[in-house]
Amino acid sequence: RRRTGPALVGGYALFTTVLPFLALVVSSLVRAPGLAPTPENLTLSHLGAALSGSAGPLRNSVVLAVGAATVALALGALVVGLERRRGFEPTGTAVTLTFAVPGSALAVAVLLAYGPLLRDTLLLILVAYLAKFWSLGHRPLRAAIGRTDPDLVGAARVSGASRRTALRTVLVPLLWPAVAGAWGLVFLFALHELTMSALLYGPGSETLAVVVLNLRQLGDASTTNALAVVLTLGVLLPAAALGWALRTTLRRWIAW
């Protein structure tokens, strides 16, 4: 039993993630589709073309992801504070409902509401991202605060610490892994989001995922594969940071 479980999980990851990604990397390095991945057929020209032609969309994707993660985290903290007040308990549930709405329907609604004012701008896409991913910045904070004993802050105050010092030395160290995890989670979702971006982008506001889709539809397989590799590598680093933050949070909770 101890060997069967890890073997099943490892096999699933191998066939659904590792092998497809390796195929993607290999196809982005060969000179033309269908050629064998032999040394004489390998080239970095597709990656160079992908990077040189996607600087603007890559910048847009990063700006949108950072903006969505930062604002969604602030909005999530605001909702956590409101939920503690009488009469505002259902606020968290209302925020979660937008995450359940299909991205295509949400994008059309945002376009109808704000299109005349924000058409062809990154701000229009950012509004849709915030509406969709707001709950991802709220739920981790709510869970972390719910597991934090308020008596810890009270003990610090009794020991002579000011309110600001107690929050800084007691509450912040307990919550910062959850904050980092929530930020990274929204960043990951926003960085590779496609459905809403494809419906809301305009000239100059394309994201990297939209460029990948457009190139695929045009039949440029080699550059598409190279762009997909760039997009995947751009997600792996934040994903690793998110995993580290979640493990740190779990260890702190277990130790506490």
Side-chain angles (χ1 to χ4, degrees), residues 54-83 85 88-143 178-217 227-228 230-232 234-235 237-239 241-242 245:
S54 62
L58 179 60
R59 181 182 63 252
N60 292 339
S61 296
V62 173
V63 169
L64 286 171
V66 171
T70 304
V71 179
L73 189 62
L75 293 175
L78 178 62
V79 173
V80 171
L82 289 176
E83 286 180 310
R85 297 185 178 183
F88 288 90
E89 292 83 0
T91 307
T93 303
V95 170
T96 306
L97 292 178
T98 59
F99 188 74
V101 176
S104 56
L106 186 58
V108 172
V110 170
L111 184 61
L112 292 175
Y114 305 110
L117 181 63
L118 303 176
R119 187 181 300 275
D120 299 337
T121 64
L122 291 178
L123 188 57
L124 181 65
I125 303 177
L126 180 61
V127 170
Y129 282 9
L130 292 176
K132 182 70 172 178
F133 303 135
W134 190 352
S135 63
L136 298 179
H138 163 252
R139 289 294 177 176
L141 293 181
R142 181 184 180 185
V179 172
W183 193 94
L185 189 63
V186 178
F187 180 87
L188 290 176
F189 272 81
L191 186 64
H192 60 71
E193 202 285 328
L194 175 61
T195 303
M196 295 185 294
S197 303
L199 293 174
L200 297 176
Y201 83 95
S205 62
E206 301 93 342
T207 63
L208 191 58
V210 171
V211 174
V212 172
L213 177 63
N214 291 340
L215 287 176
R216 187 65 181 179
Q217 291 177 340
L227 275 175
V230 173
L231 180 58
T232 305
V235 171
L237 183 59
L242 175 61

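Heavy-atom basis, side chains included; hydrogens, waters and symmetry copies ignored.
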Can you list, pair by pair, the side-chain donor-acceptor contacts under 3.5 Å of residues 66-82, counting residues two or more places apart and other chains?
from, atom 1, to, atom 2, distance (Å)
T70, OG1, V66, O, 2.8
T70, OG1, W183, NE1, 3.2

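- We find the OG1-CG distance between T232 and L227 to be 10.5 Å, quoted to the nearest 0.5 Å.
- Partners of A113 under the side-chain contact (heavy atoms from CB on, under 4.5 Å) rule, at least two apart in sequence or in another chain, do not exist in this structure.
- In plain terms, the two heavy atoms of E206 and P203 that are nearest each other are OE2-CA, 4.1 Å.
- Shown here are the ring-ring contact (aromatic ring centres under 6.0 Å, His included) partners of F189, two or more places apart in sequence or in another chain: F133.
- Note on residues 113-131: pairs passing side chain to side chain donor-acceptor pair (under 3.5 Å), not counting sequence neighbours, are Y129-S197.
- The minimum heavy-atom distance linking L112 with P116 is given by the pair O-CD, 4.2 Å.
- Evaluation of the ring-ring contact (aromatic ring centres under 6.0 Å, His included) rule for W134 yields no partner, not counting sequence neighbours.
- I125 and Y201 get closest at one heavy-atom pair: CD1-CA, 4.1 Å.
- Screening residues 55-65 for side chain to side chain donor-acceptor pair (under 3.5 Å), with sequence neighbours left out, gives no hits.
- The nearest pair of heavy atoms linking G137 to P140 is C-CD, 4.3 Å.
- The OG atom of S205 sits 8.5 Å away from atom CG of L64, with the distance rounded to the nearest 0.5 Å.
- Note that CG of L200 and CG of L122 are 11.0 Å apart. Values are rounded to the nearest 0.5 Å.
- Screening residues 95-111 for side chain to side chain donor-acceptor pair (under 3.5 Å) gives T96-R139 as the qualifying pairs, with residues at least two apart or on separate chains.
- Listed by chain and number, the residues in a side-chain contact (heavy atoms from CB on, under 4.5 Å) with A209 are L194, T207, L231 (sequence neighbours excluded).
- Of all heavy-atom pairs between L124 and G115, the closest is CD1-N, 4.3 Å.
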